[in-house]
Amino acid sequence: VALYILYKASEPFRRWYRRSRSRRDRLIAAAAQRELFSEGDSSVQATGPPARLEATVAQLKAAKDYLRLAEVYESAQRHKTAAKWFKKAKDGRRAAICLVRAGRPVQAAKLFMKHGEFGLAGRYFSEQGKHIEAANAYEKNGDVASAAAAYASGKQYAEAAAAYRKYFA
C-alpha cells in the first residue's frame with residue numbers, strides 16, 4: 001500500500017519530467033536544423049517560399065548536381081521526388097530510405113535488394129506481407145532462421161523445414 005501511495009504521489013513529477021524532456025528534445029532538434037542551414041551554401045536551403053525552392057531546383061538541375069537536388073527535395077519533405085533524384089545520382093540506399101518515408105516500402109525493399117541491403121529488404125517485405133520475397137532476401141543475407149520464419153509465415157512449409165534443418169545442422 002505504501003508503494004502505491006508513493007507511486008501516486010510521484011505521478012505529477014513524472015508527468016512534468018516527460019513533458020520537459022520532449023520539449024527539450026524539440027528545442028535541440030530545431031537548433032540543430034537552424035545550425036545545419038546556417039552553415040554551408042545558402043542556395044541549397046529548402047526552407048522558405050516555394051518560389052525559392054523552385055529557383056534552387058532550377059539552379060541545381062542546370063548544374064546537373066543531382067545529389068544536392070535530391071537533398072533539397074528531401075529537406076522539403078518531398079520524399080518521392082527525392083528518391084527519383086537519389087536514383088539518378090546513383091545513391092540507391094538513400095533513394096530507398098526516401099521511398100520508405102514516402103510510404104512505398106515494397107519499392108524500397110526492391111531497391112534495397114538491388115543494392116545489397118538484404119536484411120532491410122527482408123524486413124520491409126515481411127512488414128508488407130510479402131513473406132516469400134522476405135525469405136529470399138533473408139537467405140541472401142545469410143539469416144537462415146529469419147528466412148525459415150518468413151517461409152513459414154508464407155505457408156511454404158517444406159522450404160521452412162529445409163531452412164530450419166540447415167539452421168540447426
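Here the CZ atom belonging to Arg94 is positioned 13.0 Å from the NE2 atom belonging to His115, to the nearest 0.5 angstrom. With rounding to the nearest 0.5 Å, the separation of CZ in Arg68 from CD in Gln59 is 8.5 Å.
Every salt bridge (Lys or Arg N to Asp or Glu O under 4.0 Å) that Lys8 has, sequence neighbours left out, goes to Glu11. For the ring-ring contact (aromatic ring centres under 6.0 Å, His included) test, no residue two or more places apart in sequence or in another chain qualifies with Tyr7. Among residues two or more places apart in sequence or in another chain, the side-chain hydrogen bond (donor to acceptor under 3.5 Å, both in side chains) test is passed with His79 by Gln77. With sequence neighbours left out, Ser153 forms a side-chain hydrogen bond (donor to acceptor under 3.5 Å, both in side chains) with no residue at all.
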Under 3.5 Å, side-chain donor or acceptor atoms of residues 132-151 against the rest of the protein: list the pairs with distances, not counting sequence neighbours.
{"from": "Asn136", "atom 1": "OD1", "to": "Tyr151", "atom 2": "OH", "distance (Å)": "3.3"}
{"from": "Asn136", "atom 1": "ND2", "to": "Ile132", "atom 2": "O", "distance (Å)": "3.4"}
{"from": "Tyr138", "atom 1": "OH", "to": "Arg123", "atom 2": "N", "distance (Å)": "3.4"}
{"from": "Glu139", "atom 1": "OE1", "to": "Tyr151", "atom 2": "OH", "distance (Å)": "3.4"}
{"from": "Asp143", "atom 1": "OD1", "to": "Ser146", "atom 2": "N", "distance (Å)": "3.4"}
{"from": "Asp143", "atom 1": "OD1", "to": "Ser146", "atom 2": "OG", "distance (Å)": "3.3"}
{"from": "Asp143", "atom 1": "OD2", "to": "Ser146", "atom 2": "OG", "distance (Å)": "2.7"}

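Taking a 4.5 Å side-chain heavy-atom cut-off between Ile, Leu, Val, Met, Phe, Trp and Tyr, the cluster of Leu99 extends to Leu111. In this structure, Ile97 belongs to a hydrophobic cluster whose other members, linked by side-chain heavy atoms under 4.5 Å apart, are Val100, Phe112, Leu120, Tyr124. Hydrophobic side-chain contacts under 4.5 Å tie Leu67 into a cluster, directly or through other members, with Phe86. Hydrophobic cluster membership of Phe125, counting Ile, Leu, Val, Met, Phe, Trp and Tyr whose side-chain heavy atoms lie under 4.5 Å apart directly or via other members: Val106, Met113, Phe118.
Judged as a salt bridge (charged side-chain N to carboxylate O under 4.0 Å, His left out), not a single pair has a partner in residues 154-169 (not counting sequence neighbours). Here salt bridge (charged side-chain N to carboxylate O under 4.0 Å, His left out) pairs that include residues 101-119, with residues two or more places apart or in two chains, are Glu74-Arg101, Arg93-Glu117.
By the 4.5 Å heavy-atom criterion applied to side chains, Trp85 and Lys61 are counted as neighbours.
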Q: Determine, step by step, whether His131 and Ser126 satisfy the side-chain contact (heavy atoms from CB on, under 4.5 Å) criterion, reporting the C-alpha distance in whole Å, the side-chain angles of both residues, the deciding distance to 0.1 Å, and the verdict.
A: CA-CA 5 Å; His131 299 292; Ser126 186; 4.1 Å; yes

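Nearest heavy-atom pair, Pro105 versus Gln128, reported as atom, atom and distance to 0.1 Å: CG-NE2, 3.3 Å.
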